[in-house]
Amino acid sequence: MVTFEEAVRSVVAAIPPGEVLSYGEVAEEAGHPGAARAVGNLLRRATGLPWWRVVAADGRLAPHLASRQAALLRAEGVVVRDGVVVPSTAHRCDTGRDRPRRHP
DNA sequence: CGTGTGACCGTTT
DNA sequence: GAAACGGCCACAC
């Protein structure tokens, strides 16, 4: 049984440079779909993780860390415009949020 | 042990 | 098109 922190930590730590994932994606990958809030909460406390590679579903950065995150993402090769990640510059994992959803 | 809050997401009004 | 609402999970008090 892995704790939520462990799962999220593993997922976030597995994000390659230049790629950005959304909280919802991380939560889903962690095995806790819908726990996007919890992901943010853990990233806030968890350290040593590329939290800056985690952005909102709209590609928006955290309100308080937008500047820091933007600088870090820029260092990774991602272009951040007005506090919003540009999908074309970053590897479009979900920032386009137009990905096909399961349709039972 | 119960309540509140949060770096959220998706749908509806 | 924008705004509002509810729902999900985990942690702190």
Side-chain angles (χ1 to χ4, degrees):
Chain A
M1 159 89 175
V2 289
T3 62
F4 187 81
E5 184 178 331
E6 281 294 308
V8 173
R9 195 184 278 187
S10 197
V11 174
V12 176
I15 303 176
E19 185 165 329
V20 291
L21 284 170
S22 72
Y23 298 97
E25 269 296 328
V26 174
E28 194 174 3
E29 288 291 314
H32 292 258
R37 292 182 91 149
V39 174
N41 260 4
L42 286 183
L43 288 181
R44 172 219 283 226
R45 280 195 80 48
T47 55
L49 293 171
W51 55 268
W52 58 86
R53 288 180 193 156
V54 184
V55 300
D58 295 333
R60 209 135 116 78
L61 310 180
H64 323 306
L65 308 156
S67 44
R68 216 157 312 226
Q69 196 162 14
L72 287 159
L73 288 171
R74 266 203 205 169
E76 299 287 319
V78 179
V79 178
V80 181
R81 187 88 158 142
D82 196 42
V84 182
V85 176
V86 182
S88 303
T89 62
H91 293 210
R92 38 272 236 346
C93 294
D94 72 338
T95 48
R97 123 192 88 44
D98 231 12
R99 64 196 178 87
R101 252 190 192 282
R102 270 91 64 184
H103 229 234

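Proteins come first, then strands; the chains are lettered A, B, ... in the order of their sequence lines, and each starts at number 1.
- Taking atom CG on A:Leu21 and atom P on B:dC8, their separation rounds to 16 Å, with Å as the unit.
- The nucleotide range of DNA chain C contacted by chain A, defined by atoms under 4.0 angstrom from heavy atoms of the protein and reported 5' to 3', is C:dG7 to C:dA12.
- Between A:Arg44 and B:dA7 there is a side-chain polar atom (N or O) within less than 4.0 angstrom of OP1 or OP2.
- With B:dA7, B:dC9, B:dG6 as the candidates, the nucleotide lying closest to the side chain of A:Ala57 is B:dC9.
- As judged by a 4.0 angstrom heavy-atom cut-off over every strand, A:Leu42 is placed among residues touching the sugar-phosphate backbone only.
- Contact annotation for A:Ala38: base contact, defined as any heavy-atom pair under 4.0 Å involving a base atom.
- Atom CD1 of A:Ile15 is separated from atom P of B:dA7 by 18 Å (rounded to the nearest Å).
- Cluster annotation: A:Leu65 is not connected to A:Val84 through the hydrophobic network of ILVMFWY side chains, with a link wherever side-chain heavy atoms come within less than 4.5 Å.
- Pairing each heavy atom of A:Ala27 with each of A:Ala35, the nearest pair is CB-C, 3.8 Å.
- Closest non-hydrogen pair, A:Ala13 versus A:Leu49, comes out as CB-CD2, 4.0 Å.
- The side chain to side chain contact (heavy atoms under 4.5 Å, CB included) test with A:Leu21 singles out one residue from A:Ile15, A:Val55, A:Val12, and that residue is A:Ile15.
- When the C1' atom of B:dG10 is taken as reference, atom CD of A:Glu25 falls 14 Å away, rounded to whole Å.
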Pairs of donor and acceptor atoms involving the side chains of residues 66-81 of chain A, under 3.5 Å and at least two apart or interchain, shall be tabulated with distances.
residue: A:Gln69; atom: OE1; partner: A:Ala62; partner atom: N; Å: 3.4
residue: A:Gln69; atom: NE2; partner: A:Trp52; partner atom: O; Å: 2.8
residue: A:Gln69; atom: NE2; partner: A:Val54; partner atom: O; Å: 2.6
residue: A:Glu76; atom: OE1; partner: A:Arg53; partner atom: NH2; Å: 3.3

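- Open room surrounds CZ on A:Arg60; 12 or fewer heavy atoms of other groups in view lie less than 6.0 Å from it.
- Nearest-nucleotide mapping onto DNA chain C: of A:Thr3 and A:Ala36, the residue sitting toward the 5' end is A:Ala36.
- At whole-Å resolution of the value, CD in A:Glu28 and P in B:dC9 are 12 Å apart.
- Counting to the nearest Å, the C1' atom of B:dC9 and the CG atom of A:Asn41 are 15 Å from each other.
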